[in-house]
Enquirer: 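Take a look at this one; I'll ask things after.
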Amino acid sequence: MDKINVEMEQIKKTESVDIDEQKMVYDSSVDHKGRVPLRSSTGVWKASLFIIVIEFSERLSYFGIATSLIIYLTKVIHQDLKTAAKSVNYWTGVTTLMPLLGGFLADAYLGRFSTVLLSSTIYFLGLLLLTMSRVIPGLQPCDSNFCDERRKVHEPIFFLAIYLISIGTGGHKPSLESFGADQFDDENPKERRKKMSFFNWWNFGLCCGLLLGVTLIVYVQEHVSWAMADVILTVVMASSIAIFYAGRPFYRYRKTTGSPFIPMLNVLVAAIRKRNLQLPSNPSHLHDVPKSETTQRRLLGHTKRLKFLDKAAILDVTQDSIEQQQNPWKLATVTKVEELKLIINMIPIWLTTLPFGICVAQAATFFIKQGVTMNRKIIHNFEIPPASIYALTAVGMIIAVTIYDKILVPFLRRTTGNERGISILQRIGIGMIFSISTMVVAALVERKRLNVVHKNPLEGSASMSVFWLAPQFLILGIGDGFSLVGLQEYFYDQVPDSMRSLGIALYLSVIGAANFISSLLITIVDHITEESGKSWFGKDLNSSRLDYFYWLLAIITAVNLCVYVFVARSYTYKNVDSRTTMTVADCDDGDNRETMV
């Protein structure tokens with residue numbers, strides 16, 4: 001009878017714990033008062049909506065500036081095509097590499113919420129300075145709408161303003177997106193599924209900001225004034241910061257854990273110290289800690305790759321056991337060893353996604369500049385701004401994300417049994433195929449445009465509709481719906497839990513590094529072709545051969561895709577220990593290896 005009573009008590013305790021876990025969120029997050037969050041009143045979509053609003057505002061500003069930047073540099077500041085393209089690539093590169101610093105500070109010291117607030121304020125100051133450079137008479141580029149000679153003071157103020165925006169983006173982008181994903185509990189099956197949709201709908205909101213940025217804002221720039229467009233962006237950003245702060249009671253917060261790189265350095269030093277020790281035949285003999293002793297991160301299971309690093313988790317029998325466990329430079333846990341392996345395994349993936357980023361970089365430079373030379377009239381002499389054609393990229397992305405999330409994923413879940421439908425790296429690979437197609441179509445359209453110019457040199461390509469560019473923008477947008485969203489999910493999901501903001505920064509750094517490589521590639525190609533007779537990059541588009549450049553990018557990306565498939569097939573996903581939580585990684589087999597078909 002006593003035994004039955006004890007069993008009944010244990011059942012009641014288990015049920016009580018289950019009910020408590022349904023009410024509360026035990027994933028190391030806290031609410032705005034530092035307490036364990038209540039599931040019903042914090043996180044998930046009720047919190048994410050506030051976060052998506054400020055992302056919408058930031059993307060509205062970014063694309064309103066970025067897509068018309070090359071036009072401003074050539075028309076107002078009077079840079080030639082090659083210099084303007086490099087200036088845009090440098091600015092975009094800095095803007096998308098700064099998140100590496102912002103993500104580190106958010107994860108290690110400031111926290112994601114504080115970083116978003118601080119960086120958004122800097123972003124706002126950049127917009128304010130940009131507005132002043134176009135409103136205050138002494139800072140304006142010139143007195144009239146037609147800027148034949150600009151004031152020298154305008155250029156440094158202008159570049160200071162847009163690079164302040166770069167600094168703001170550096171903290172805003174990685175912290176905000178990872179903060180949004182933090183609102184979903186990985187250990188709760190319902191919230192885990194919602195989190196998989198979060199990245200899709202995050203990008204849906206992003207695309208809405210992009211659409212308005214390249215239509216409404218660009219139209220105001222073209223037909224009203226640059227200053228009025230800046231005023232709109234500044235007011236919208238100020239309003240969105242207030243809305244974001246108003247959502248403070250609904251958010252789930254993560255405590256900072258210090259620099260994530262120190263534990264990795266601990267592992268490396270410990271492994272080198274124990275390089276002469278023999279690895280145990282059974283990985284379970286390696287040093288690790290039970291879940292009850294870790295509150296900041298999930299435990300990771302052992303993987304077979306990079307075995308040398310496993311030596312850091314060997315308990316040396318010739319030394320004092322307690323002393324080793326207290327000194328992280330002498331002994332590391334399996335989880336910390338696996339976290340270092342995750343970062344090392346990401347390097348080949350990061351490198352093989354760079355050519356995709358180079359293709360994306362062309363849309364904000366040469367694609368837009370092509371639109372300037374073409375017929376942009378629609379009806380009754382209504383002429384769309386050249387940068388507005390970029391809206392088709394957002395349309396393509398929205399179509400791809402919606403179809404993928406609402407049709408493909410449910411279908412593929414049933415057929416493959418994979419919770420994601422297809423694996424993350426497969427999704428990225430599909431987007432790369434679309435980027436190759438983009439460059440092929442772009443080369444063919446540019447060849448067509450040059451033929452029109454040669455037949456009628458006086459009129460040029462003004463008789464050719466700008467909508468000839470529509471296919472390359474749409475295909476690029478569809479590719480972004482696969483690759484860009486896949487990269488976001490990959491770098492957020494596969495980094496150690498303490499590096500989520502840095503994970504988003506790594507995704508952005510693909511685009512940033514690709515922009516710098518694009519500028520370097522333009523310089524190299526320009527030098528080689530100029531020595532061969534005629535440069536592919538003339539003073540204007542009609543004297544250039546962008547079609548050859550696009551073919552070159554298509555070939556580079558196609559060759560790289562073969563390398564990417566090889567790397568992805570041998571990739572090992574994060575192996576979250578089943579003792580702590582069900583893994584959300586793509587574990588298709590026992591070794592967690594990728595399958596590319």
Side-chain angles (χ1 to χ4, degrees), residues 43-49 51-52 55 177-178 180-208 210 349 353 356 393-435 437 474-495 500 503-504 507 561 564-565 568-569 571 573-576 581-589 592-597:
V44 201
W45 294 114
K46 70 177 72 66
S48 298
L49 291 176
I51 296 167
I52 290 174
E55 171 63 8
E177 190 165 354
S178 55
D182 286 346
Q183 306 309 311
F184 300 85
D185 179 9
D186 278 333
E187 298 191 28
N188 182 278
K190 291 182 179 179
E191 290 196 18
R192 188 168 66 247
R193 282 208 169 192
K194 289 177 182 178
K195 185 176 182 177
M196 291 177 188
S197 292
F198 167 75
F199 289 102
N200 292 324
W201 294 107
W202 168 273
N203 281 278
F204 182 86
L206 180 154
C207 286
C208 290
L210 190 160
I349 298 295
T353 53
F356 163 77
T393 304
V395 172
M397 193 172 184
I398 289 171
I399 291 170
V401 166
T402 305
I403 292 175
Y404 181 81
D405 191 66
K406 294 300 181 183
I407 299 174
L408 287 179
V409 169
F411 172 75
L412 291 169
R413 274 177 183 161
R414 292 192 298 269
T415 55
T416 66
N418 189 323
E419 196 172 18
R420 295 183 188 275
I422 57 175
S423 66
I424 304 174
L425 294 183
Q426 285 174 332
R427 181 174 186 172
I428 295 169
I430 292 170
M432 288 183 177
I433 295 172
F434 279 103
S435 70
S437 304
L474 278 170
I475 296 170
L476 182 65
I478 293 170
D480 287 353
F482 284 92
S483 280
L484 281 186
V485 180
L487 284 168
Q488 291 170 20
E489 198 170 357
Y490 168 76
F491 283 111
Y492 178 86
D493 186 71
Q494 293 300 301
V495 295
R500 289 286 173 76
I504 298 300
Y507 138 69
L561 179 61
Y564 172 82
V565 171
R569 286 179 68 89
Y571 182 79
Y573 282 98
K574 180 193 284 187
N575 182 21
V576 179
T581 182
M582 289 180 62
T583 178
V584 298
D586 301 272
C587 303
D588 294 328
D589 54 42
N592 286 356
R593 289 187 183 274
E594 175 65 84
T595 303
M596 294 290 292
V597 293

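The first residue of the sequence shown is numbered 1, and numbering continues consecutively from there. Quick caveat, the model's predicted, so the values are computed rather than measured.
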Enquirer: Write down the atom of Q183, the atom of S48, and the distance for their closest heavy-atom approach.
Expert: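 Taking Q183 first and S48 second, the nearest heavy atoms are CB-OG, 4.0 Å.
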Enquirer: Could I get the full list of side-chain hydrogen bond (donor to acceptor under 3.5 Å, both in side chains) partners for Q488, not counting sequence neighbours?
Expert: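 For Q488, the residues satisfying side-chain hydrogen bond (donor to acceptor under 3.5 Å, both in side chains) (neighbours in sequence not counted) are N203, Y507.
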Enquirer: Is there a side-chain contact between I398 and V395 in this structure, where contact means two heavy atoms from C-beta onward sitting under 4.5 Å apart?
Expert: no
Enquirer: So, for Y571 and I349, which heavy atoms are closest and what is the spacing to 0.1 Å?
Expert: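 The pair with the smallest heavy-atom distance is CD1-CG1, 4.1 Å.
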Enquirer: Suppose we screen for side chain to side chain contact (heavy atoms under 4.5 Å, CB included). Which residues come up paired with I478, at least two apart in sequence or across chains?
Expert: A400, F434, F482
Enquirer: Quick check: are there more than 12 heavy atoms from other residues, nucleotides or ligands sitting under 6.0 Å from NZ of K46?
Expert: yes
Enquirer: Donor-acceptor pair, distance only, cut-off 3.5 Å: does the side chain of R427 make one with the backbone of L484?
Expert: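 Such a contact is absent between R427 side chain and L484 backbone.
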Enquirer: Nearest 0.5 angstrom please: L412 CG to Q426 CD, how far?
Expert: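 Reported to 0.5 Å precision, the distance equals 9.5 Å.
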Enquirer: Applying side chain to side chain contact (heavy atoms under 4.5 Å, CB included), can you list everything that pairs with I403, at least two apart in sequence or on another chain?
Expert: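 Residues passing side chain to side chain contact (heavy atoms under 4.5 Å, CB included) with I403: I399, I407, L408.
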Enquirer: Going from CG on D185 to NZ on K190, what distance comes out if it is rounded to the nearest 0.5 angstrom?
Expert: 13.0 Å
Enquirer: What pairs with A181 under side chain to side chain contact (heavy atoms under 4.5 Å, CB included), at least two apart in sequence or on another chain?
Expert: K195, F198, F199, Y492
Enquirer: Applying side-chain hydrogen bond (donor to acceptor under 3.5 Å, both in side chains), can you list everything that pairs with T353, at least two apart in sequence or on another chain?
Expert: none
Enquirer: Evaluate the side-chain proximity of F491 to I504: yes if any heavy-atom separation is below 4.5 Å, no if none is.
Expert: no
Enquirer: To the nearest 0.5 Å, tell me how far D480 CG sits from I475 CD1.
Expert: 12.0 Å
Enquirer: So Y573 and I424, do their side chains get closer than 4.5 Å, heavy atoms only?
Expert: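 The answer is yes; the side chains approach within 4.5 Å.
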Enquirer: Can you tell me which residue among V495, V485, I428 is in a side-chain contact (heavy atoms from CB on, under 4.5 Å) with Y490?
Expert: I428
Enquirer: Just to verify, what does S435 make a side chain to side chain contact (heavy atoms under 4.5 Å, CB included) with, not counting sequence neighbours?
Expert: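 Partners of S435 by the side chain to side chain contact (heavy atoms under 4.5 Å, CB included) criterion, ordered by chain and then number, come out as F356, C359, M432, T557.
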